[in-house]
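For reference, the structure is listed below as structure tokens.
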There are 4 protein chains.
Amino acid sequence: MPRPPGHGPGYEIKRQQIIDQAAELFARQGYAATGIAEIGQVAGLAKGALYYYIGSKENLLVEIQDRVLRPLLTAARRIAALDEDPVLRLRLLSQTLLELILARLDHIWVYEHDYRHLRGANRARLLRQRREFEKIVQDLLIAAMKTGAFRELDPRLAMLQFLNMHNHTYQWAKPGGEWNAEFLSREYCATLISGFRSPEYDADDLEERVRRFREREEA
Amino acid sequence: MPRPPGHGPGYEIKRQQIIDQAAELFARQGYAATGIAEIGQVAGLAKGALYYYIGSKENLLVEIQDRVLRPLLTAARRIAALDEDPVLRLRLLSQTLLELILARLDHIWVYEHDYRHLRGANRARLLRQRREFEKIVQDLLIAAMKTGAFRELDPRLAMLQFLNMHNHTYQWAKPGGEWNAEFLSREYCATLISGFRSPEYDADDLEERVRRFREREEA
Amino acid sequence: MPRPPGHGPGYEIKRQQIIDQAAELFARQGYAATGIAEIGQVAGLAKGALYYYIGSKENLLVEIQDRVLRPLLTAARRIAALDEDPVLRLRLLSQTLLELILARLDHIWVYEHDYRHLRGANRARLLRQRREFEKIVQDLLIAAMKTGAFRELDPRLAMLQFLNMHNHTYQWAKPGGEWNAEFLSREYCATLISGFRSPEYDADDLEERVRRFREREEA
Amino acid sequence: MPRPPGHGPGYEIKRQQIIDQAAELFARQGYAATGIAEIGQVAGLAKGALYYYIGSKENLLVEIQDRVLRPLLTAARRIAALDEDPVLRLRLLSQTLLELILARLDHIWVYEHDYRHLRGANRARLLRQRREFEKIVQDLLIAAMKTGAFRELDPRLAMLQFLNMHNHTYQWAKPGGEWNAEFLSREYCATLISGFRSPEYDADDLEERVRRFREREEA
DNA sequence: TATGAATGAGTATTCATTCAT
DNA sequence: CATGAATGAATACTCATTCAT
């Protein structure tokens, strides 16, 4: 999406504001059911000015998807590259994913519901990024099998169970709900790991190892 | 002899056909992004005739939701009322749910994505039915805790894990995919039950008990 | 409007029933805002059968207009031809007009509001009949001037005052209202005649003369 | 300097033009039988732009009713509050009413025919205003009875006669017709007052008193 | 930067009417 | 006589987008 050339210093700030507001509307009503006029009203901008910032409605959708996928992939790549037990890395990835979901519930709604309104190159890029994330999870599961922590599972099915459990959270989570990302991650991972682990693997000290990892990181 | 007013014999058949076709379109493109004209074209009917069958677009959505929720609730109530171990009943419910999801993937897409386009009484009824299903699951989990099969869990969180795992399946399942409902149910339940069970509960004979139950039922 | 050739004995009865029901709907909602489907529902007939009786929607309008104008003109011509004082004849015509208005309030609504939806020959015939009625009133007024009962008035303006007073009654009259046609006619005529009469004309015995005329008629 | 959001300077002018044009169409064809497309064509505007000005079709109807009722009520309240003989005030009100009718014949057509297409609050407000006008007339008639100018009449019936006589004028009056409001008011009031007055009341100098009142007012 | 005005195709829905059975 | 099914144009209204100023 070509941005208009040459714009002042406040441009990007306002632009990001508008995307925020659009995300909230899209989440509540759906992308197709939300009008440009409505976004303009919430943003306090007439249509002409709105288009100066957003370029097109689909552009807003692209930006929202990016705001989900860019930090998600960045974090996932970093975690995957850590020199740690794969099970620990899965636990870290789980929490990061849930933090993103809970922090940006509206963005996730849009991400999960309206990606099908993207066309052409935008859609292709999105699907590529989704697949990359899925691969990172699947590779971690395979690594955990290699270390003997997990049984021999169908890696794709294990990955899908992992994603089922996490990604559906947006459907019922509420902003400021009773459970935070760390708690949910502990619960989800406890369930999943007890299902995936080999009989000899002892997961009881996982949370202790997570705590020690965090301490090291902060230092 | 004049026929009484109403609808002819072919009416209901054609009507069901149209709902099928609409479900497929809604699943692919979303409810809001699918036009009545498009449905008419697929159904091979002019707009007037189409409305003769459907009444309104929202009506189609209601029918699709009903096709999911009615058999789901009927089956769930029947299973919940069985005089069997709660864990066994959860396993049976899991498979029934997955059978419905895999058999009507497009209906489930619509069910999961577009219920928010329902208004008023239709919406209220839908939410009531959803809550009833959730309560059935949650009550089975509580029963399993009472028998000592499961640990003392937050019953709501356990129910949400159960539903996360199952309900997100529609996002990646494909018609005629490699895994059937029975296999997925076994895998999902293995994971969930190993996460939920108390140390002394032995789930190894669950599948054997499922098989014996089926044999009894058929008789 | 060509009626379908060859129909049984009940045809005309049912036809008249349908026109009654349509008149009521048209009066309440307006001709343009009333649908054929609605008429069919009230008549308890499917659309096909309805068209068998009515021919077309405009046809209904024509019939309703006829039901007003035909008895009105018949009565007006008869009264105009009476060998009586023109003032007495005006009083008789007034009451006849009001009887028709009060007896068929719904028909009058349609008559006053929706004649403009008629096209071509139907419209021309209607306007011709309306003008004939106006001419009868105007000629009676002229006759009353000739006998010296009324001052020298602009006959057209006098006629319009007469019609204003009577024809607007449908706007506020209610079925079974507190005033009947005879009372209203007396009141309206008292006002109009006291305005129109020449100083030497004494209208005080008019009602007495009306009573005597009625007695003679009945005999 | 960015203009604040809202409407530009030409907006209201064009808006009023469109309402004018719509009134003419509604008067000729009826509200229900006039399409938005037709209005747009006459206004030289595409549908989108038309809606930018009108909001909705019913809105047009509301505006037209307002254009009749607002000046009518304003004038009626002012006249009713005058410190003058009630008969004189009735005569002044009569002329004001006829001036409005003759000046805006098309608006009056719509006012008389299509108010029933208003819904909800719009309809309620209209009926309230109509009743207020009727009450003003009726109160003037009662006041005239109190001063002894008029006989003891049923005040409601007298009011209805007054309104019958005036309000039906739109049915036959033509723009630029041979009679102006002052003339018609004199004629109508002569008829009505001669019908309503008590024997001892002398109305012969009414027109002279009207003339003197006008002179005083201009000063 | 921002506005108000305009477009034209698109929305869901209703209409009077026809006709084979 | 009467039905149910079908049509296709018409209904009021909304949409994302553009552009001169």
Side-chain angles (χ1 to χ4, degrees), chain A residues 4 6-8 10-11 14 32-40 44-60, chain B residues 1-11 14 32-40 44-60, chain C residues 4 6-8 10-11 14 32-40 44-58, chain D residues 1-11 14 32-40 44-60:
Chain A
H7 40 254
Y11 180 86
K14 189 139 210 167
T34 301
I36 282 286
E38 213 171 347
I39 298 170
L45 246 33
K47 282 192 211 168
L50 189 66
Y51 266 83
Y52 173 70
Y53 288 107
I54 67 170
S56 78
K57 194 185 173 190
E58 180 167 345
N59 225 359
L60 284 171
Chain B
M1 201 166 2
R3 244 189 286 163
H7 291 302
Y11 179 86
K14 189 144 210 166
T34 301
I36 283 286
E38 212 171 350
I39 298 170
L45 246 32
K47 270 187 239 184
L50 185 65
Y51 266 85
Y52 175 67
Y53 288 104
I54 67 170
S56 76
K57 192 186 173 189
E58 179 165 344
N59 228 345
L60 284 172
Chain C
H7 41 252
Y11 179 87
K14 189 139 210 168
T34 301
I36 284 286
E38 212 170 349
I39 299 170
L45 246 34
K47 282 193 210 169
L50 188 65
Y51 266 83
Y52 174 70
Y53 287 107
I54 67 170
S56 78
K57 193 186 174 189
E58 180 166 346
Chain D
M1 201 166 2
R3 244 189 284 162
H7 291 304
Y11 179 87
K14 189 144 211 167
T34 301
I36 283 286
E38 212 170 349
I39 298 170
L45 246 33
K47 268 187 242 179
L50 186 65
Y51 268 85
Y52 176 66
Y53 288 104
I54 68 171
S56 77
K57 193 186 173 190
E58 179 165 345
N59 228 347
L60 284 172

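Values below: all heavy atoms of this structure, side chains included; hydrogens, waters and symmetry mates excluded. Letters A, B, ... mirror the listed sequences (proteins, then strands); counts begin at 1.
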Nearest-angstrom distance from the residue atom [atom1] of [X] to [atom2] of [N]:
X       : N      : atom1 : atom2 : answer
C:Tyr52 : E:dT17 : OH    : P     : 18 Å
A:Leu50 : F:dC19 : CG    : C1'   : 15 Å
A:Lys57 : F:dT18 : NZ    : C1'   : 17 Å
B:His7  : F:dA6  : NE2   : P     : 12 Å
D:Glu38 : F:dA12 : CD    : C1'   : 14 Å
C:Tyr51 : E:dC19 : OH    : C1'   : 13 Å
B:Glu58 : E:dA12 : CD    : P     : 13 Å
B:Lys47 : E:dA16 : NZ    : P     : 18 Å

- Message: I'd like to know if the side chain of A:Lys57 and the backbone of A:Gly35 have a donor-acceptor N/O pair within less than 3.5 Å.
- Response: no

What nucleotide, of [options], holds the atom closest to the side chain of [X]?
X       : options               : value
B:Leu45 : E:dT13, F:dT7, E:dT3  : F:dT7
C:Ala49 : F:dA2, F:dA12, F:dT17 : F:dA2
C:Ala46 : E:dA6, F:dA9, F:dG4   : F:dG4

Could you measure the distance from the [atom1] atom of [X] to the [atom2] atom of [Y]? Nearest 0.5 Å is fine.
X       : Y       : atom1 : atom2 : value
D:Leu50 : D:Lys14 : CG    : NZ    : 10.5 Å
A:Leu45 : A:Ile36 : CG    : CD1   : 11.5 Å
B:Asn59 : B:Tyr51 : CG    : OH    : 10.0 Å

- Could you check C:Ala37 against B:Ala37 and say which one's nearest nucleotide on DNA chain E is further toward the 5' end? B:Ala37

- Note on the structure: Heavy atoms of C:Tyr52 and C:Tyr11 approach each other most closely as O-OH, 3.3 Å

- Item | Heavy-atom pair of closest approach, residues C:Ala33 and D:Ala32 | N-CB, 4.4 Å

- Query: With rounding to whole Å, what would you report as the distance between E:dT1 and F:dT21 at their P atoms?
  - Reply: 22 Å

- Is there side-chain contact between A:Ile39 and A:Leu60, with heavy atoms separated by less than 4.5 Å? yes

- Identify whether any heavy atom of A:Gly48 sits under 4.0 Å from a base atom; if not, whether one sits that close to sugar-phosphate; answer base, sugar-phosphate or nothing. base

- Message: Once you apply a heavy-atom cut-off of 4.0 Å, does A:Ile36 come out as touching a base, just sugar-phosphate, or nothing?
- Response: base

- Between D:Ile54 and B:Tyr11, the residue closer to the 5' end of DNA chain F by nearest nucleotide is B:Tyr11

- Quick one: is D:Tyr53 getting a side-chain N or O under 4.0 Å of the E:dA6 phosphate, OP1 or OP2? yes

- Query: Is there a side-chain polar atom (N or O) of D:Lys14 under 4.0 Å from OP1 or OP2 of E:dA6?
  - Reply: yes

- Give DNA chain F the dot-bracket treatment, 5' to 3': Watson-Crick (N1-N3 with N6-O4 or O6-N4) or G-U (N1-O2, O6-N3) under 3.5 Å, [ ] crossing, | other strand. .||||||||||||||||||||

